[in-house]
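Working notes for the structure below.
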Amino acid sequence: MRHLIDPLDFSRAETDRLLSLAEDIIGSPADYTHRCDGRILATLFYEPSTRTRLSFESAMMRLGGKVLGFASAESSSASKGESVADTIRMISGYADIAAMRHFKEGAPYVASRYARIPVINAGDGGHQHPTQTLTDLLTIRRKKGKISGVTIGLCGDLKFGRTVHSLIKSLVRYEDVKFIFISPEELHVPGYIVEEVVKPSGHFYREVRAMEEVMPELDILYMTRVQRERFFNEEDYVRLKDSYILTPEKLSLGKKDLAVMHPLPRVNEIAAEVDEDPRAVYFEQARNGVFVRMALILALLGLESDVLEKGE
Amino acid sequence: MRHLIDPLDFSRAETDRLLSLAEDIIGSPADYTHRCDGRILATLFYEPSTRTRLSFESAMMRLGGKVLGFASAESSSASKGESVADTIRMISGYADIAAMRHFKEGAPYVASRYARIPVINAGDGGHQHPTQTLTDLLTIRRKKGKISGVTIGLCGDLKFGRTVHSLIKSLVRYEDVKFIFISPEELHVPGYIVEEVVKPSGHFYREVRAMEEVMPELDILYMTRVQRERFFNEEDYVRLKDSYILTPEKLSLGKKDLAVMHPLPRVNEIAAEVDEDPRAVYFEQARNGVFVRMALILALLGLESDVLEKGE
Amino acid sequence: MRHLIDPLDFSRAETDRLLSLAEDIIGSPADYTHRCDGRILATLFYEPSTRTRLSFESAMMRLGGKVLGFASAESSSASKGESVADTIRMISGYADIAAMRHFKEGAPYVASRYARIPVINAGDGGHQHPTQTLTDLLTIRRKKGKISGVTIGLCGDLKFGRTVHSLIKSLVRYEDVKFIFISPEELHVPGYIVEEVVKPSGHFYREVRAMEEVMPELDILYMTRVQRERFFNEEDYVRLKDSYILTPEKLSLGKKDLAVMHPLPRVNEIAAEVDEDPRAVYFEQARNGVFVRMALILALLGLESDVLEKGE
């Protein structure tokens, strides 16, 4: 049995086959509407996350399956002091596959060790969020036709943003990716990502402070939130924040086929006027999250036997 | 694409066809059990309302469809500051139709402007609650055979009760409806409803202070809650409240085929003994809410193409 | 129409037929996957209980049915002061069967009096929890081949534990059951259970203070939680608690075919190492809870007509 806890749990070949399956679902959704008839997904959300939870639920329902679970820790047995290990063993009798979000890093991994059903990490603390990474990869592939060869600008909070770190770790497995890190000094990409992930991969990378400098070069602009509370002082925040807000003016510098991505929710880092631009693909990206999760559920349940290698 | 935000969004002809569809569903429920197979309803309840939410969920399930969503704002992305516009664009990728309840007036309207799926207003602040109005109209039609020609007593808090205002606005579109407003002075029907809605319609209306005065005339008695906190002082409340509580004694003055309605939940404004009287139709009215929502979902999804005109 | 409010609402013959149906479902689950197509279960949980709620939901989904409801009182109409009687009459229009958990003893019974659909008590205060009892009986029958003739040790808090009391009341209806009550003095089985239930039944019983004394005699060891707050003083708790924690050492004294049960959630009263022992059947017991609820739903909906006698 396989689980998905870390974005790198799947090999590049497995990931590529999973993305192909997701694209096949997008192309022929009617072929998949009954693939999970009679199957049950448990959504175990110890920490609320409407977007991620509903994306999983929509995925399972689009496959004909059903969903049970909880949306926050308060209404769960967790409040009675039950361990994650016991909960997942109980849930293994109730459902066929589980998606777990937990405020504690490592909780979904612990669950996977005791589960008799496949476990998907739907986000654990500030740690991993592998289905977001798969969603990002699918979006890049669908907009660019391929992942190898793209020039991607990662913009905003590159220090604390886990989605950015996971995406970088996955992208270095492709060929000839160029990374442009766009962030204030205070929120630049951590040293270990540069030293241990990017440099050993041999991929080109560059760090800049403003998106205007690099906009014309980019195939992908991946926006993230810059939170006021990350700054040491208000002055720095006020001085810097405008460089990390995407406006129609800045976007006008971009290529005609640039794709602007964002993991959502966004607050004000992308101006509302940008939404109308065909290069704004973040809502399409959210929709891709449903298709990639459909593919993932099918693969983990063994209903598409040629996607994943046999489990450990 | 059509939405339902205001009870008057549907013309009288559209409303009548929708009620006919609801009656057809009541008569032949088995014909409808698979009409929404594979479809998903999103219930987006920023404000809890068990009754309304479960009524929508039951409606979608009775049609063979599935349901996802949230039951309160705390477990929603709203807590991360996401706008209603962004949420509905995300949800448009997850579901086929949405029912939104929001504490802020106008939120469902904003959602409908950004949605790629039909949006139903399931109540916005003290503003509109159009599916309650449709439920009321269906109940009147089923109990009386028609809506035109009825004499309806509206009793209780006619000042703040939005269901009463919406019902009046819809009823004036029918012929020869007689309105009897039964309320304490403090809670009488607002001037603009009388001046701008009732009078221009040419329909008969009358204001009284006690239901006993008019009981024998009524075809419909529509009860609402009189809340203690609406009164300026406790004395007035104590003095007046009994006039607005329906008891078997008061009911004995009514016609044999009177229909007593209430939008529910009721607290004490209808005595429990009245429940046994066949003229008490409020639980049947609640059940009608499921059928009218089934018809509404079918119409908005275009699965019953002859109910609504083409959208704006 | 029948309801299940008290574990003894079903005769022993009815209970035995229900357990047989559950065993048939375990043996041939595929025969049951569409038995509740188009049916709706309402889970009305005024008090959160993830385990019980999800067990009911899984049961209904495994039968092909759908589920709506609420997981806690906050998001229910209860907060608007609606009575249980009114809520169940509303729900009777929305669903085909209801499972109610309530913090108030007797609430599910009240609901059953006003319902037009079968009502299952999913736990009311410290009072009854009949589906737990059915789950326990099914587990004993599956592990021992029969219920009559077993020697059962009930261990831990026998004073406040409602599951233990209900189980005793059900077990005395079988032949030749031997009861061993294992508890600290402070938490021993209440006098009325011994005097009014066990003694009149003529069954053997014995009270001991430590499980080591009786371990080799037991066919079933039914563990329950010993809560620190039940003790008069900390010293007593520290002195006594170890006698009520099941360890591999204590388990080594047991028979080869002993079955260790626990209603779950457990905190520390069973050491984690015991989980690996094949005699630990508490997770299987949790799974049995789904099968027994599937049988119960079928029986109450009249979809298995030979289980229950005609209703009152």
Side-chain angles (χ1 to χ4, degrees), chain B residues 26 29-30 32-34 36-37 41 43 45 47-75 101 135 225 227-228 262-270 272 275-276 280 282-291 293-294, chain C residues 34-48 50 53 57 60-61 63-102 107 110-111 113-117 297 301:
Chain B
I26 294 171
Y32 294 88
T33 48
H34 293 292
C36 283
D37 274 4
L41 166 70
T43 49
F45 277 59
E47 178 181 68
S49 173
T50 311
R51 179 182 308 278
T52 304
R53 180 172 61 82
L54 297 187
S55 184
F56 272 109
E57 297 190 7
S58 181
M60 189 54 162
M61 290 174 179
R62 297 279 188 217
L63 292 166
K66 289 172 181 175
V67 181
L68 51 75
F70 49 87
S72 66
E74 294 93 74
S75 57
R101 179 145 192 147
T135 300
R225 241 173 107 186
Q227 293 173 274
R228 185 182 293 248
H262 191 297
L264 302 180
R266 55 107 176 245
V267 177
N268 67 348
E269 57 276 12
I270 299 178
D275 297 352
E276 307 309 313
Y282 26 91
F283 294 116
E284 183 181 338
Q285 182 183 357
R287 204 155 62 247
N288 285 338
V290 176
F291 298 117
R293 287 176 178 96
M294 290 172 76
Chain C
H34 292 292
R35 295 293 298 280
C36 282
D37 274 5
R39 308 283 179 138
I40 299 175
L41 165 71
T43 49
L44 313 175
F45 278 58
Y46 290 83
E47 178 180 67
T50 311
R53 181 172 61 82
E57 297 190 7
M60 189 53 161
M61 289 175 180
L63 292 166
K66 289 172 180 175
V67 180
L68 52 75
F70 49 86
S72 65
E74 295 93 75
S75 56
S76 90
S77 300
S79 56
K80 292 191 190 173
E82 186 176 58
S83 69
V84 161
D86 276 16
T87 298
I88 198 69
R89 281 187 283 207
M90 167 189 79
I91 292 292
S92 295
Y94 294 180
D96 302 297
I97 185 167
M100 178 181 286
R101 179 142 191 150
H102 207 290
V110 172
R113 287 185 46 221
Y114 291 94
R116 288 181 296 102
I117 58 175
I297 290 168
L301 285 175

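Keep in mind that what you see is a predicted model, and the values were worked out from it rather than measured. Chain letters run A, B, ... following the sequence lines, proteins first, then strands; residues in each count from 1.
Between chain C and the options B:Ala272, B:Gly65, B:Ala59, heavy-atom pairs under 4.5 Å are most frequent for B:Gly65. Contact tally against chain C (heavy-atom pairs below 4.5 Å) for B:Lys66, B:Arg287, B:Arg62: the top residue is B:Arg62.
Looking at B:Asp275, the atoms closer than 4.5 Å to chain C (heavy atoms on both sides) all sit in the side chain, from C-beta outward. Using a 4.5 Å cut-off between heavy atoms, B:Ser55 contacts chain C through both its backbone and its side chain.
Here the NE2-CG distance, from B:His34 to C:Asp37, works out to 6.5 Å after rounding to the nearest 0.5 Å. The distance from the OG1 atom of C:Thr87 to the CG atom of B:Leu54 is 10.0 Å, given to the nearest 0.5 Å. Distance check, rounded to the nearest 0.5 Å: CZ of B:Arg51 to CG of C:Asp86 gives 7.5 Å.
Nearest heavy atom pair, residue B:Met61 against residue C:Ile40, reads CB-CD1, 3.6 Å. Counting all heavy atoms, side chain and backbone alike, B:Phe283 lies closest to C:Met90 at CD2-N, 4.4 Å.
Proximity of B:Glu57 to C:Tyr94: side-chain heavy atoms (C-beta onward) are nowhere separated by under 4.5 Å.
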